[in-house]
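Taking it in order: structure first as structure tokens, then the write-up.
Chain A is the first sequence line, chain B the second, and so forth, proteins listed ahead of strands; every chain is numbered from 1.
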Protein chains: 2
Amino acid sequence: MTERQAGSTTPKAHLIAAEVRRRIVEREWLQGERIPDEVELAVEFGAARATVNKALQLLADEGLLDRRRRAGTRIAINPVRKATFEIPIVREQIEGAGMSYGHRVMAVHRSPLPEDVALRLGMAAGQRLLHLRAVHYGDGRPFQYEDRWINPAALPGTEPVDFGHVNANEWLVRNAPYLRADMAFSAANADRRDARMLQTDPGQALLILQRTTWNEIGAITTVRVACHPGYRMTAAN
Amino acid sequence: MTERQAGSTTPKAHLIAAEVRRRIVEREWLQGERIPDEVELAVEFGAARATVNKALQLLADEGLLDRRRRAGTRIAINPVRKATFEIPIVREQIEGAGMSYGHRVMAVHRSPLPEDVALRLGMAAGQRLLHLRAVHYGDGRPFQYEDRWINPAALPGTEPVDFGHVNANEWLVRNAPYLRADMAFSAANADRRDARMLQTDPGQALLILQRTTWNEIGAITTVRVACHPGYRMTAAN
DNA sequence: CAGTGGTCTAGACCACGAG
DNA sequence: TCGTGGTCTAGACCACTGG
């Protein structure tokens, strides 16, 4: 780090972070130990304190460091690591995998909210919202089956949309920015409807994704996505 | 934003980010539109450019903005949002839920790598690694069943460990910091062993977590975790 | 109460890439 | 080519919180 990397475009903060990470991984600094403070490191690395700060913040965000005012910076004892999943538009995901995309709306109704869905949305059960069921296909084979509830009251200033023909997934992503979102993964045995929609057998284990979004008005939409058998949701780092 | 928030400890960069987010969510700025450049916003918000930069970087990391040199900053058309899951130590997760933790090692062997595991690790099949099977309990009920392979060669400078008695999950977290990790969620029907370990029935849908870590030497460990039926992995935002 | 990280600022130079 | 974001710096003040 004393030598300047010739021709490198890597930000100095990243280089410092990498060097600190190396000292941790190669056990020069052990879990629980306190490391030099920002000013010392700034001198060592020939950088401004702000740059060292940025580097250490990166590592703290990764869960590798534990930083506290006055107490200093320590190597985390239990590095709580994080996995980040990107939630792309289904169509892009399918086309990105080199398959052709298809989409079919199986049902659109204005229906009273069942108890469990109302709970997810934080609304009263029995209220009538838009209920939508659709299947996304990749190369003609079912990829995901989504069961979605939409709250039109949370979508002011937009034309009424015919979700029987429009792709709700894409329309919402593009037209309903949200402030808060909730997300959960679980597994479930396919019920008869899941099985029919995904062209598989009842009882088949399915990865279930549940997602709800809110804006300043209230809940926008909640969706339960059943993925085709064998689907893997992956994250790097 | 012109008025200074009296007594607020919220960083100015966060306030700016919140205001920009509001303009997006309330459709003052529409998807695809270009927003004022950093210098203009700095003037409007009475902040330094670096502060505005930090705020906009936050939103870009969220996937809400699309920033490019020379081209400026635009509201993302397809906001690819992210969900972040924290991977805690199992014991802390269980105790954090108010349950008592239990742990039992069901088997420890030095075995030749099966084809599929070797592939995950990027090693040659047939090589002999440490193979470990263990169950984590919450209030006496099975919580997770883990099937783990450990590469001792990637753990130099540490005493040999008796994983028959030590909790591998915790020992590795604390003693084997890694440089890269891989992670995937999927669903599977419980096979006979899964069912026995988790005290449930074969065929039951289980959430499967698969995780592999590497350091500068090579693969450290790979684990397949089968969660008890009904388990939900949640993320906020 | 004093040491440490958290944040902001004004200014600067540079890299990228759209036009 | 040149406007825009990316990054760094030196310096400053402040907010925590451990001792």
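In summary, the side chains of A/T221 and A/R148 do present a donor paired with an acceptor at a separation below 3.5 Å, with no hydrogens or angles considered. The closest side-chain donor-acceptor pair between B/R120 and B/T222 falls under 3.5 angstrom. Donor-acceptor pairing under 3.5 Å is lacking for the side chains of B/N167 and B/R91. Looking at A/N53 and A/Q57, their side chains do bring a donor and an acceptor atom within 3.5 Å of each other. Of the N and O atoms on the side chains of B/R81 and A/Y178, at least one donor lies less than 3.5 Å from an acceptor on the other residue. Of the N and O atoms on the side chains of B/T212 and B/D182, not one donor lies less than 3.5 Å from an acceptor on the other residue.
Applying a 4.0 Å cut-off to non-hydrogen atoms, the residues of residues 34-42 of chain A that approach DNA chain C are A/R34, A/D37, A/E38, listed by residue number.
At least one side-chain nitrogen or oxygen of A/T73 sits closer than 4.0 Å to the OP1 or OP2 atom of C/dG5. Contact annotation: B/R67 side-chain N/O to D/dG6 OP1/OP2 distance is under 4.0 Å. Distances shorter than 4.0 Å separate none of the side-chain N or O atoms of B/Q57 from OP1 or OP2 on D/dG5. Close to C/dG5, at under 4.0 Å from its OP1 or OP2, lies no side-chain N or O of A/N53.
Under 4.0 Å is where a charged nitrogen must lie from a carboxylate oxygen, and between A/E216 and B/R27 no such pair does. The pair B/E38-B/R67 meets the salt-bridge criterion, with a side-chain N (NZ, NE, NH1 or NH2) lying under 4.0 Å from an Asp/Glu carboxylate O. The existence of a salt bridge linking B/E44 and B/R49 is excluded, since no basic side-chain nitrogen approaches an acidic carboxylate oxygen closer than 4.0 Å.
Spacing between atom CG of A/L58 and atom C1' of C/dG5 amounts to 15 Å, rounded to whole angstrom units. Going from atom CG of B/D66 over to atom P of D/dT4 covers 16 Å, rounded to whole Å. The distance from atom CG of B/L65 to atom C1' of D/dG6 is 16 Å, rounded to the nearest whole Å.
Residue B/R69 has its side chain nearest to D/dG5 when only C/dT7, D/dG18, D/dG5 are considered. Closest to the side chain of A/R70, from the set D/dG19, D/dT7, C/dA15, is D/dG19.
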Mind listing the N/O atom pairs, protein and nucleotides 8-11 of chain D, below 3.5 Å?
residue : atom : partner : partner atom : Å
D/dC8   : OP1  : A/K12   : N            : 2.2
D/dC8   : OP1  : A/A13   : N            : 3.0
D/dT9   : OP1  : A/K12   : NZ           : 2.8
D/dT9   : OP2  : A/A48   : N            : 2.7
D/dT9   : OP2  : A/T51   : OG1          : 2.5

